[in-house]
Amino acid sequence: MDRRLILTPLISLGVLSLVPPLLGFNNYYLLLASLILLYTTMVSAWNIIGGFAGQVDLAAGAYHGIGIFVTGLLFIFYRVTPLIGIFLGGLVAALLAVAIGYPTFRFGLREVWYALSSLALVVILYKLFLVWESVGGTIERYLPKVGFSWFYLMFPGNYLYYYLMSALLLVATIVVNIRIRYSKLGYYLLAIRENEEAAEMLGIDVRRYKLYALMIYSFIVGLTGGIFVLMLGYVHPVLFDSWISIQTAILGIVGGLGSIAGGPIIAVILLAIAEYLRVRFGGYIPGLHQILFAIILMLIVLFKPGGIGEWLDSLWHRITARRGMEVA
Amino acid sequence: MPKPILEVRGVTKRFGGLTALNRVSFNVEEGAIIGIIGPNGAGKTTLFNVITGFLKPEEGKVIYDGHTVTGLPPHRIARMGVARTFQIVKPFPELTVEEAVRVGAYLKAEDEGEVNNIVDDVLEFVGIEHLRDRYGKELNLIQLKLTEIARALATRPRLLLVDEAVAGLTPGEIDNIIEMVHRINRERNITVCLIEHIMRFIMRVSERIIVLHHGEKIFEGKPEEAYEDEAVIKAYLGERRI
Amino acid sequence: MSLRVEELNVAYGKVQVLWDVSFKVEGGSLVSIIGPNGAGKTTLIKTISGLLRPLSGKILFEDQDITGRPPHTIKKLGISTVPEGRGLFPNLTVKENLIMGSYTIKDQQRIEKTFKFIHQLFPILSEREQQLAGSLSGGEAQMLSIARALMSEPKMLLFDEPSLGLAPMIVEKIFEVIKTLKQRGITILLVEQHVQHALELADYAYILENGRIVLEGRGEELLENPHLKKHYLGL
Amino acid sequence: MLSPTLLLQNLIFGVLLGSIYALAAIGLSLIFGVVNLTNFAHGDFIMLAMYISYFLGVSLKLDPILTPIIGFPVFFLLGIAVYLAIFHKIIRAPPLSQIAVTVGLLVLLRNFALAVWHAEPKSIPRTLLGYSYRLGSILIPADRLTGMLISIATFLILHLFLTKTKTGIAMRALADNLDSAALMGVNVRNLNMLTCALGIGIVALAGGILLTFQPVNPMTGLIYGLLTWSIVAMAGLGGVSGILLSGIIFGLADAFTAAFWDPRAREITIYILFILLLWFRPKGLFGRR
């Protein structure tokens with residue numbers, strides 16, 4: 001287990017560090033790659049609430065938006081460095097999640113109703129910021145131009161730094177996943193997903209552990225918003241985007257509920273294909289990549305409900321089993 | 001005279017117009033194996049749900065180890081040392097047997113090492129070590145029931161409630177469970193409370209039985225005496241008409 | 001020969017519940033199958049009525065193979081079920097529940113005639129016609145369930161534990177009704193844990209334990225059988 | 001300013017709007033209650049219906065209020081097709097699978113609309129009902145009034161169908177107890193298919209009416225999806241009258257927010273109401289179950 005905690009980040013960082021040279025340090029490609037890593041981070045974070053705890057959460061767009069607005073507005077209004085802003089964005093997202101999640105779990109919302117109310121949260125925040133003119137409104141608010149600055153994490157014309165930040169966040173999220181999966185928290189969440197009553201009877205405070213999962217997930221998604229806004233350069237209520245919620249859940253389900261590797265791997269592959277489709281065909285078929293996601297999702301759920309993760313896991317089992325035989 | 005570990009005092013539970021439990025009272029002494037029997041719909045499972053906090057009774061209270069536990073959530077009651085198995089098994093299909101038992105073991109263990117020890121110990125005690133890496137969805141009924149018992153034992157309970165452990169099992173498997181219950185009681189010093197429908201099973205296990213019928217306690221005493229009791233025979237066989 | 005079940009094996013997922021169950025119900029007779037909770041009684045009824053598909057084995061009704069057919073076709077052949085726990089439609093009125101019972105009958109006049117018969121048999125139901133089925137007492141609900149099954153003028157009735165959760169007086173009443181139905185020539189398969197009643201009424205009976213038939217015989221014979229107590233009470 | 005006229009005006013607006021919302025929601029309620037299927041794509045069927053209405057309005061110069069004459073049979077058949085192709089396969093699946101598959105359907109419909117009609121909102125060039133009745137200082141728009149009348153007529157017919165016909169009673173029976181319905185001789189599969197056809201067919205009515213006063217864009221589906229689910233949550237499967245009443249409550253919330261706060265804030269009130277409702281009245285306001 002400890003080996004996994006060291007090997008996984010090393011290997012994934014190694015792979016991820018090969019990408020910029022492969023892309024020839026092309027700024028545009030690096031921007032796309034950073035976005036893909038941020039979306040993948042969300043999928044990996046979603047695995048904690050959706051995969052481990054079994055709650056079909058569709059609020060990623062809300063927490064992502066909170067991260068964008070907190071980091072962005074603190075920078076715009078008070079010149080607070082994103083170094084702090086990003087962290088605060090995650091924190092506010094987690095606080096919001098707890099404020100909503102506490103009554104939600106207290107009153108036993110599950111399945112459809114949990115999914116719907118979390119999706120509603122995205123729309124509520126979108127409209128709230130639209131109406132709340134002093135912080136949101138309909139016009140973009142741009143981040144101040146400060147030039148190249150480590151303090152403000154501003155690297156005009158060079159997305160390599162953002163790529164590295166996104167890569168680090170993704171790897172950290174995967175490590176968090178591994179840590180959780182093989183700890184008390186992870187086993188408790190899985191037990192809750194599998195059977196809430198049985199979990200209760202084994203002494204698990206179901207509500208409390210669901211809240212823990214929700215907090216960790218929303219905090220990480222909040223962080224992705226903070227990095228995202230630095231690349232984008234402005235804030236706007238439309239960034240409370242329900243598509244982010246749907247995309248995250250789709251990739252999480254296709255990757256396999258509870259599978260640590262499945263989600264990120266499938267997310268990177270599909271998001272890369274999606275970017276290609278968007279660039280190549282986006283002009284005349286604007287939603288082609290979303291159609292692709294939808295079809296893959298439906299096929300996976302109908303014909304391979306375990307997701308890609310199940311297949312990856314059994315592959316992993318086979319490899320480790322063979323290694324075991326060699327040792328013997 | 002050992003002190004009671006569990007006292008049920010005048011518990012009444014209604015569902016709409018139906019009275020599932022009607023002022024049921026009894027004690028369970030520490031270290032005993034007690035059987036609760038009764039025909040279908042007698043209120044047995046409701047009784048367990050009240051004791052473990054899944055249901056709140058309209059009247060009466062449940063006292064465990066000197067503390068009133070009525071109204072506490074199930075996880076708090078579990079933490080105090082009450083474990084249970086379910087009439088209809090509630091497995092963790094996507095977890096292995098070892099992982100399922102692990103979930104239970106975290107309740108009282110201080111660190112991962114202790115968790116591992118509890119898991120190894122319980123798997124061996126219940127005799128399902130060979131199933132360690134099998135997933136819940138791959139198990140048959142007896143294996144599921146044993147895993148559920150192992151899961152419950154891993155929480156290191158003082159009182160174990162077993163809800164219809166043998167329904168649907170073959171005679172050989174039933175013998176296996178009977179022996180297991182005796183061992184849990186003797187070797188682990190765990191008080192056991194069994195719900196059963198099949199009298200034959202309960203007779204071989206418990207020193208004292210309680211018979212429920214239509215939510216009321218109609219008998220309490222030695223199993224042999226139950227056979228002679230008019231009310232019990234009537235409840236089971238129905239009234240003999242002339 | 002009305003109903004014949006041969007070597008029936010049934011499982012829920014990976015858990016096999018019935019093992020090589022065979023029995024027969026002659027036309028016009030009443031056969032009881034007795035067994036404790038978890039013996040597989042409900043599974044048996046569900047399999048005959050088409051709600052469950054068996055792993056193997058055969059179910060023949062009037063020499064026609066009905067194994068694995070969907071429930072609505074089995075109903076049309078004349079097998080009606082009084083399911084475990086009544087299986088009423090709680091948000092439908094008593095009348096609407098009865099209308100559902102006559103779902104397969106197209107002839108309005110025949111339906112009217114059956115309604116009259118039902119009202120004679122269960123006067124209480126005509127009083128409660130417009131009430132929601134969910135508001136009935138246990139005994140009334142069981143009568144409605146039986147009445148509903150009769151609405152299709154069945155050749156055969158399957159009863160799944162009609163005495164479940166009822167007070168002794170009501171149980172008496174229900175068994176009176178079953179007796180009446182038998183006298184009217186309806187073939188009946190009665191699955192029960194209430195030994196005394198079920199055996200008294202039965203022309204022939206089987207004891208089901210852990211999914212297997214362990215004992216069979218004529219009703220009165222079994223009632224006197226010393227093994228019955230052993231099998232049932234564990235004496 | 002809270003003048004009595006303004007209050008009354010918005011009360012009327014709310015009731016008109018709400019009864020149309022209820023018409024949009026009744027199909028979802030039928031499919032959720034009877035077929036026991038969680039359909040996250042319902043709002044996108046509404047969006048599609050609005051586009052079909054727009055298409056017919058532009059190509060055939062048909063008034064949107066009349067488009068359901070063609071739209072209803074088309075959507076009825078669409079319901080059958082969707083049932084056979086997708087819903088049928090997930091009827092017994094766990095909620096997660098139902099959510100996932102219908103979210104997939106939602107994305108498909110949304111992007112189909114995006115590909116065909118693009119992102120800019122579309123509205124019908126003209127309708128015969130573009131005028132308003134005047135009662136003193138109170139305005140009653142003819143399109144919405146007609147919409148309400150169509151809605152109430154539909155609810156009446158549906159109510160009669162569900163309580164007086166054998167098929168309708170069987171649908172309610174199916175909602176109550178699937179196994180028992182099958183034991184009564186109901187062909188469950190066929191009845192499920194009919195329910196889907198009816199549920200999605202009625203969406204065509206709602207779509208035509210909505211388009212008379214609201215533009216449509218591909219994202220409209222999400223808003224109507226959440227709105228109709230909110231109505232179903234409030235009604236709690238309490239029958240058609242429950243849906244009509246909760247539709248009107250949400251219509252009032254909508255009208256009053258638009259009038260007294262900000263037209264853009266309508267969804268805020270509606271969804272906060274929805275979430276509070278889920279917390280405090282999980283079984284709905286009018287539901288028996």
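Owing to the predicted nature of the structure, the values given are computational and were not obtained by experimental measurement. A, B, ... follow the sequence lines: proteins, then strands. Residue 1 opens every chain. In what follows, every heavy atom counts, from backbone to side chain, and hydrogens, waters and symmetry copies are set aside.
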Output the option from M80(B), K108(B), R151(B), K90(B) having the highest count of non-hydrogen pairs under 4.5 Å with chain A. K90(B)

Where on Y106(B) is there a heavy atom nearer than 4.5 Å to chain A: the side chain, the backbone, both, or neither? both

For S245(A) and A60(A), the nearest pair of non-hydrogen atoms, with its separation, is OG-N, 3.5 Å

Proximal component of R102(B), with respect to chain A [non-hydrogen, under 4.5 Å]: side chain

Among T173(A), T248(A), D57(A), find the residue that satisfies the side chain to side chain donor-acceptor pair (under 3.5 Å) test when tested with Y217(A). D57(A)

Just give me the residue among E99(B), R79(B), E94(B), H75(B) that pairs up with chain A most often, heavy atom to heavy atom, under 4.5 Å. H75(B)

Pair count under 4.5 Å, heavy atoms only, with chain A: among P93(B), G53(B), P91(B), highest is P93(B)

I128(B), D133(B), L144(B) screened by side chain to side chain contact (heavy atoms under 4.5 Å, CB included) with V97(B), the one that passes: I128(B)

Does R183(B) make a cation-pi contact with F125(B) (under 6.0 Å, within 45 degrees of the axis)? yes

Let me know if E112(B) has heavy atoms under 4.5 Å from chain A in its side chain, its backbone, both or neither. side chain

Given E148(B) and R84(B), is the salt bridge (Lys or Arg N to Asp or Glu O under 4.0 Å) satisfied, shown in steps? CA-CA 9 Å; E148(B) 209 163 79; R84(B) 95 178 257 197; over 6 Å; no

